[in-house]
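From a predicted model like this one, the values you see are computed outputs, not experimental measurements. Sequence lines set the chain letters: A, B, ... in the order given, protein chains first and strands last, and positions in each chain run from 1.
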There are 2 protein chains.
Amino acid sequence: MAEVTGTETITGRFLMGRRRSQLTADDIAALEGSVQTVRSLPARTLMITAGERVTVSTMLLEGFICRYMDDREGLRQLVAIHVPGDFVDLHGFPMEMLDHDIATLGPVKVASWPHAALAKVMEGRPNLTRMLWFSTLLDAAMHREWIFRLGRLGAEGRVAHLMCELNVRLEMVGLASDGRFPLPLKQADLAEACGLTGVHVNRVLRSLRERGMLVFRNGIVEILDRRALATLGEFDPAYLFPDDLRKD
Amino acid sequence: MAEVTGTETITGRFLMGRRRSQLTADDIAALEGSVQTVRSLPARTLMITAGERVTVSTMLLEGFICRYMDDREGLRQLVAIHVPGDFVDLHGFPMEMLDHDIATLGPVKVASWPHAALAKVMEGRPNLTRMLWFSTLLDAAMHREWIFRLGRLGAEGRVAHLMCELNVRLEMVGLASDGRFPLPLKQADLAEACGLTGVHVNRVLRSLRERGMLVFRNGIVEILDRRALATLGEFDPAYLFPDDLRKD
DNA sequence: CGCTCTCTTGAGTTTACTCAACGTTCGTGG
DNA sequence: CCACGAACGTTGAGTAAACTCAAGAGAGCG
């Protein structure tokens, strides 16, 4: 069970469960002190468009955000799903522009830092700099796992793997327990994350439900057989760099 | 045509074609000055295993290197292919361990930096730090494009897209011209990069050849119809952050 | 020369897709 | 309050894409 410590502060969930303890009190204070804005956004809101020049970076405090790319026919491929505590576009700081769109899934609360403020905060703080860098590399590690998921798993494995990932990530920030967590996705969204069609995701979910592994209904995921789901999805959480490295 | 400037030095191809000009002479000198070793390795050599603690980072100077993950049956999924000028495991600096294996494809020449030396070089050099960070985020951008490739494209599109990417990346470092470049992959390796079987890659290559788009034989790629290949693979090089942003 | 590795091709199967229809839920306006 | 429409989920039937299995061809090497 994740501790509740710090969730009252803005950055309380940042790197929670993954080396957060390596952030010093000064590092955290410096980050907290340079927040520009905290605001709420409704569901299904486009936040950033590919190619746009970005000058602020945003951390997700509550809710879910996705990143995606469009194909020629306008079909989307999700490339990331963010949970509270994630910086959703810190990579925009070194990159200056993004190669993908960012949008909210459900309603969210987010905090933003101007890049200039981030640069100032990092100056003379090599440890904080490295932790921020690390957090962007966690995204890259998840990207790699998604490549694996799409390249090597069948439809059921893909859905299973994604659900295992989200479960672990939400557990780390204290937002899932007993394999139960909210997930404001339609079946069509899940399809866009898994490289499948909506119709096929529907069949996969039915199969997982009938096999007693997972129920996903009304935006709530309930993992009934965590071990079976992990086996089906060939899931090993090591790529998430959890402090607590269990194999389940 | 890419310029040849700097290819005599160790880091001459680093970020070539993508913001290399933002590196100062001091940045480059500092990097060059802290190289620990330069060595050659034979083809098909395992360099780093997933989970291993890493204390040095390596830049590829000549040849090709891949990163991959294994599934339950030992089948590989490539998650990256590196060309000269790429740091292959700079992400190991903030991450301290890797979530995937790294191996050479053909024979290579590589240079290595101890992480301690990198930390010292970055101290007081925020610009260099940001450029190194940027280079790891280019990998992440390529990962995202690979997710798109696997999630949204059919077999022919996947192969076409990968070939377009390698062509552009090799052009940027002066190692491809007129759509012709060496690529020390077997058809089975290409399959592992595209989430396909070797047999099917064979059929795809035949189709691309018969359609006059691309020939891949004896480790040499020849792109015959760059535009058609880009269309088929829905390829837009923007995600590679080239200085020269052409749309082809 | 014979072995191994890679590439190639054919035939049949499996997986996921497309198209189409129907069900369910929920919000809105008559 | 009910009727209607819109959005989402569900199911069936047929199709297309990629897979598996198997066999043979070509190249390179000891």
Side-chain angles (χ1 to χ4, degrees), chain A residues 42-44 71-77 105-107 149-163 182-211 214-222 232-234, chain B residues 42-44 71-77 105-107 149-163 182-211 214-222 232-234:
Chain A
R44 310 277 155 180
D71 78 355
R72 200 180 305 294
E73 285 107 39
L75 292 174
R76 300 196 307 178
Q77 173 63 47
L105 287 165
R149 194 161 59 86
L150 295 175
R152 284 288 161 259
L153 301 183
E156 301 207 339
R158 291 185 201 175
V159 173
H161 188 288
L162 178 60
M163 292 305 191
L183 186 66
L185 295 184
K186 295 178 294 187
Q187 290 183 358
D189 299 321
L190 201 49
E192 290 174 340
C194 294
L196 300 168
T197 59
V199 171
H200 202 59
V201 162
N202 182 282
R203 296 188 219 274
V204 167
L205 288 175
R206 170 161 51 123
S207 167
L208 295 178
R209 198 185 324 127
E210 285 172 353
R211 294 209 263 161
L214 171 127
V215 176
F216 176 41
R217 204 172 271 159
N218 302 324
I220 305 282
V221 174
E222 287 179 274
L232 182 60
E234 304 200 13
Chain B
R44 309 279 154 180
D71 78 356
R72 202 182 303 297
E73 284 106 40
L75 292 174
R76 300 196 305 179
Q77 174 64 48
L105 287 164
R149 195 162 57 86
L150 295 176
R152 284 289 161 257
L153 301 183
E156 301 207 338
R158 291 185 201 176
V159 173
H161 189 288
L162 179 59
M163 292 305 190
L183 186 67
L185 296 184
K186 295 179 293 187
Q187 290 183 357
D189 299 320
L190 201 49
E192 290 174 341
C194 294
L196 301 168
T197 59
V199 171
H200 202 59
V201 162
N202 182 281
R203 296 187 220 271
V204 167
L205 288 175
R206 171 160 51 122
S207 166
L208 295 178
R209 198 187 321 127
E210 286 171 352
R211 294 209 263 162
L214 171 129
V215 177
F216 177 40
R217 203 172 270 159
N218 302 322
I220 305 282
V221 174
E222 287 179 273
L232 182 60
E234 303 200 11

Respond yes when some side-chain nitrogen or oxygen of B:Q187 is under 4.0 Å from OP1 or OP2 of C:dT8, and no when none is. yes

For residues B:G233 and B:L153, report the shortest heavy-atom separation together with the two atoms involved. O-CD1, 3.4 Å

Validation row: A:L162, A:R149 side chains within 4.5 angstrom (heavy atoms): yes

Whole-Å distance separating the CZ atom of A:F216 from the C1' atom of D:dG9: 12 Å

Verify, without hydrogens or angle tests, whether A:R209 (side chain) and A:F216 (backbone) share a donor-acceptor contact under 3.5 angstrom. no

Expected list for residues 191-203 of chain A near DNA chain D, using heavy atoms below 4.0 Å, is A:V199, A:N202, A:R203

Got A:E192 and A:L75 here, is their nearest side-chain heavy-atom distance under 4.5 Å? no

Side chain to side chain, B:L190 and B:L205, heavy atoms closer than 4.5 Å: yes

Report yes if a side-chain nitrogen or oxygen of A:R206 is closer than 4.0 Å to either non-bridging phosphate oxygen (OP1 or OP2) of D:dT10; otherwise report no. no

Report the distance from atom CG of A:L185 to atom P of D:dG9, rounded to the nearest whole Å. 10 Å

Under 3.5 Å, side chain of B:E234 to main-chain N/O of A:R72, donor-acceptor pair present? yes

From CG of B:L75 over to C1' of D:dA18, roughly how many Å is that when rounded to an integer? 15 Å

